[in-house]
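Following: one structure in structure tokens, then a few remarks.
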Amino acid sequence: MLFSPSARAHPGSVPLAIRSPHFNSWLPGPGPGRWPIFWNDLGRVLGWVGYIRVDGVVFEWLGETAHGRTLTTTEITPTRTILTFIAGPMEVEVTFLSPVEPTDLVRQSFPFAYMYLTANATDGASHLIQVYSDITAEWASGDSGTEVTWSTILSNNLVYHKAQRASPNPMQEINDQAEDATVYYAMANSSNVTWQTGNTATIRDQFIGNLTSSGRLSNTQGLNFRAIEQDWPGFALSADFGNISAISTPVVWALGIVRDPAIRYGSSDGSMQQRSSFFWTQYNTIGDAISAFVKDFPNALQRAIELDQKITSDALSISQDYADLVSLSFRQTMGSIDITTSRGSNGQWNSSDIMIFMKSIGDTSRANPTEFMFAAFPAFLYLNASWAGFLLRPSLHQQSITIPTSAYAIPNLGSLYPSAPGNNSIASTEALAIESSGNMIIMTLAHAKASGDGSLISRYYILLKSWANYLAANALNQTTFITSDGQNNPNLAIKGIIGIRAMGEISQILGRADDASQFKDQASVMLQGWENRTILSSHITSTYGQSTSWGLIYNLFSDRLLKLDFITQEIYNNQTNFYSKQIPAAGGYGIAYDSNVPDQVKSQWTMLTAATTTDNSTRNNLVSMVRSRAWLNNRPEQFPTDYSAASGQVTGMGGRSSPAQGAMFAFLALNLPERSIPVPASGGDDEGSRGSNSKPNVRTIIGATIGAVAAIGLAGSCFLLWKRHQKREALTPASNLYSSSPHPDVSGSGDTYNRYPWDKDYINSWRSALAPSDSRTSGALRRQLESQQLQHSRSRSTSTPSESFEINEPSTPEFPPAGGPASRDSGMRIPPSPPLNLTAPSSVIASTMPLPGSVPSQIDLTRWLRREMKTQLQETT
């Protein structure tokens, strides 16, 4: 997109250098005399100045005064911001390039950006030209009262400055800036390059000087270390080109912020693992990495141009407004992550252990929040679907190891990024269990389909299955659970139901036919109940039972993304028609995401909703509303997610610079092809967590052999005990072996299902009750079955084991059993039940569905074995 400063509308701020959560700078306006700022709502200045000296006259093209120059145009591409100025007889083009490297994790994980300059004489004559830029120590800390130290490193090919806190504070932030970071400013060294450090006023005066000073620096270090705000220490690099008519080969500065370690992660043994940026797997020193980055500039620029062209071309197939949005959102999405690795037990980098961590920029400081990941996922799928898997892996791995019995997915890995210890507090996580569990299952399947990599769905199958069972038990609960926006609504429920359906797809891919049948049928039954309860007046309500309520049902996007064809076309058409009627009455910047908060727009949910519409007019109107807010320039804010529909006003942080704007890529993600997914061999939880050069452990092998022999003996004993148990089973109440857990059986057992034939009839009766039959019949049958359910639960609640112990992953019972009523997917209508002579409400209350108690929970093998051994001992004595 290209615009001039006089344009009536342009972004409130434009991205400059954005490469990580702590390297995130923007230019307000862009207008005359604006300092670059950090992303947050405090507007903290990041001192960064640029001058060009033409025939002894200095023009400031970056910084507070903007002396003498005239900004003519600004262009924003997905990876670049290009500012064009007139400086006397020279036309100057300054470009800020934040590389995005879809095929190279080493380059992508190196937190550096380029600024480069070219110039041409508008009069065709030669002119004496020098260029200059400096940064201040404000990049090194969020507290200007902090003392900093610095140094300059020189080689034949490179010169760079470095600055950091005198006493770094590991894994801490002040005003969202890292307090353990080192800032670097670099340039390729040559005879025309000069440098200087010290008081910024002194350094700048040295360059500005007069005609006889030639615009050169002193090549000296001012080493009076002090607080950032004391005489503002600065670090400058300049180049003298002599008399020329053009700078056709760009002059390049490289700016970076490096932290090591980058992440503190809760590991499998309960300790905190220190993880480093992935680029360290290739470079031994930071100097080597900076040198390679500077040398790679011509190739990096070409790769960036090609990526920009591809993204823009794909986006223009929707509209120009849409292309503008993906261009503005791309860097803030990709700049929200740290790509990390670990060292193996041998001290070597384990390059197979790749994890991506995301900060909830624009909101709080949470690590890997699932709702942000879900919103940003279209961008990662589009760019490189393998990255989507690396983003999922920290949450999947941690919960499968440290919380092996987790019934639901946790909403984040901690609230103090860059620490990611996990979040095991039930009080703070369970309310978000439906959203988090649905998000994780949907994203894991989306990764597999887009990448063709089935390793995550295979490795973490048991974990994903436990979450799906939790969804089956709770997705239709109308009181306990909320979205990340604080709503309990049908939109949340449909996310859970689609999550269950996605689990059926995962099971099918992995050849687990019984599980696939269970989850698909559960999802179909629940979808019917959801439709009966939530579709009123031809649209989906946002509050149960209130026909006048409505909202953006953005969670339907997951059905489209996964290509499930689970939601009927009629629902999509009706919703599109409803949205089209809301647009004329909406504020200029969008439709409220929920009628309960009538003036509140969320751009990420608007875009996911737009991707579910079935006509181009409604789609384009929704996109254009988001674009209108993104181009609102009356406040110097980064592209926000949350704002007023009427005024565009942002409250607090408002999701500024949020990775959730990755939702702008929703349309592009829908066009991705599905890839075949080879079923990987089953294995341990996380083979990648071992060292890259690990060797077999002889003691471990011997121990495993002895253990295997012992296990065979124990298995034989268990078999004899089981045969004895079978003889007495008829006299043992079922409640002694099974609990009436509120959650469906995680492991499942065909035997337990068949042992209680009434469960089949019970479930089938409910399936009939949910058929689109006479409402009086459904309501009456519901009450009758509620009574049956209460009686069954009372008869089975005499003993509830407090523990559960899982030996392996048995097959899950078929649900519903073979021969039962046809599922919704089969296209067959479930026959209605015989009418009963009772009065009933017109809809089935979803939360009373019997699914949570219809399948007995798993055997408490430990208690059973102890009881059998005690019984055998008593009989023997």
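All heavy atoms count here, side chains included; hydrogens, waters and symmetry mates do not.
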Which is it for F380 and F665 under the ring pair (Phe, Tyr, Trp, His ring centres under 6.0 Å) test, yes or no, and what are the steps along the way?
CA-CA 9 Å; F380 288 93; F665 282 74; 9.5 Å; no

Just say parallel, tilted or perpendicular for the rings of [X] and [Y], cut-offs at 30° and 60°.
X: F23; Y: W139; answer: perpendicular
X: W48; Y: F96; answer: perpendicular
X: W253; Y: W61; answer: tilted

Side chain [X], main chain [Y], donor-acceptor under 3.5 Å:
X: N192; Y: F241; result: no
X: W349; Y: W280; result: yes
X: R656; Y: P640; result: no
X: S658; Y: G362; result: no
X: D176; Y: N40; result: no
X: N243; Y: S126; result: no
X: T197; Y: G222; result: yes

In Å, rounded to the nearest 0.5 Å, how long is the span from [atom1] of [X] to [atom2] of [Y]?
X: Q196; Y: S238; atom1: CD; atom2: OG; value: 9.0 Å
X: T122; Y: E91; atom1: OG1; atom2: CD; value: 8.0 Å
X: R366; Y: Y417; atom1: CZ; atom2: OH; value: 13.5 Å
X: F110; Y: Q282; atom1: CZ; atom2: CD; value: 11.0 Å

Show me the pairs that pass side chain to side chain donor-acceptor pair (under 3.5 Å) and involve residues 286-301, at least two apart or across chains.
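Passing the test, one end in residues 286-301: R107-D296, T285-D288, D296-R303.
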
Validation row: [X], [Y] side chains within 4.5 angstrom (heavy atoms):
X: I356; Y: T340; result: no
X: S155; Y: N189; result: no
X: T194; Y: D240; result: no
X: I339; Y: I354; result: yes
X: L237; Y: D134; result: no
X: P261; Y: R275; result: no
X: V45; Y: E138; result: yes
X: R34; Y: L27; result: yes

Check E173 with K359, please: is the shortest side-chain N to carboxylate O separation under 4.0 Å?
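Looking at E173 together with K359, the answer is yes, because their closest N to O distance falls below 4.0 Å.
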
Are the aromatic ring centres of Y132 and F207 under 6.0 angstrom apart?
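Under 6.0 Å, so yes.
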
F85-F59 aromatic ring centre distance below 6.0 Å:
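F85 vs F59: aromatic centres not under 6.0 Å.
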
Show your reasoning for whether side chain to side chain contact (heavy atoms under 4.5 Å, CB included) applies to L301 and F297.
CA-CA 6 Å; L301 176 58; F297 169 74; 3.9 Å; yes

Assess the residue pair L383 and L307 against the criterion (side chain to side chain contact (heavy atoms under 4.5 Å, CB included)); give the C-alpha distance rounded to whole Å, side-chain angles, the decisive distance to 0.1 Å, and a yes or no.
CA-CA 10 Å; L383 184 68; L307 180 60; 4.3 Å; yes

Quick one, Y643 with S603, criterion side chain to side chain contact (heavy atoms under 4.5 Å, CB included). Give me CA distance, side-chain angles, the key distance, then yes/no.
CA-CA 8 Å; Y643 45 85; S603 60; 3.6 Å; yes

Exceeds 12 heavy-atom contacts within 6.0 angstrom, atom CG of L416:
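Count not over threshold, so no.
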
Worked verdict on R629 versus E637 for salt bridge (Lys or Arg N to Asp or Glu O under 4.0 Å)
CA-CA 11 Å; R629 176 55 186 86; E637 296 162 344; 2.6 Å; yes

What are the two closest heavy atoms between T77 and R331, and how far apart are they?
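Closest heavy-atom pair between T77 and R331: O-NH2, 3.1 Å.
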
Cation-aromatic face contact R44/F38, 6.0 Å, 45 degrees
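No, R44 does not sit over the ring of F38.
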
With a distance cut-off below 6.0 Å to the six-membered ring centre and an angular limit of 45° from the axis, does R627 pair with W631 as a cation-pi contact?
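Yes, R627 and W631 form such a contact.
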
With no hydrogens and no angle check, just 3.5 Å: does a side-chain donor-acceptor pair link S141 and E179?
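E179 and S141 do have a side-chain donor-acceptor pair below 3.5 Å.
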
Given the rule in the side chain to side chain contact (heavy atoms under 4.5 Å, CB included) test, do Y114 and F293 qualify, once you have shown the distances and angles that lead to the verdict?
CA-CA 9 Å; Y114 300 104; F293 182 79; 3.2 Å; yes

Under the side chain to side chain donor-acceptor pair (under 3.5 Å) rule, collect the residues that match up with T152, sequence neighbours excluded.
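Side chain to side chain donor-acceptor pair (under 3.5 Å) check on T152 returns H161.
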
Not counting sequence neighbours, which residues clear ring pair (Phe, Tyr, Trp, His ring centres under 6.0 Å) with F390? List them please.
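Partners of F390 by the ring pair (Phe, Tyr, Trp, His ring centres under 6.0 Å) criterion come out as none, since no residue qualifies.
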
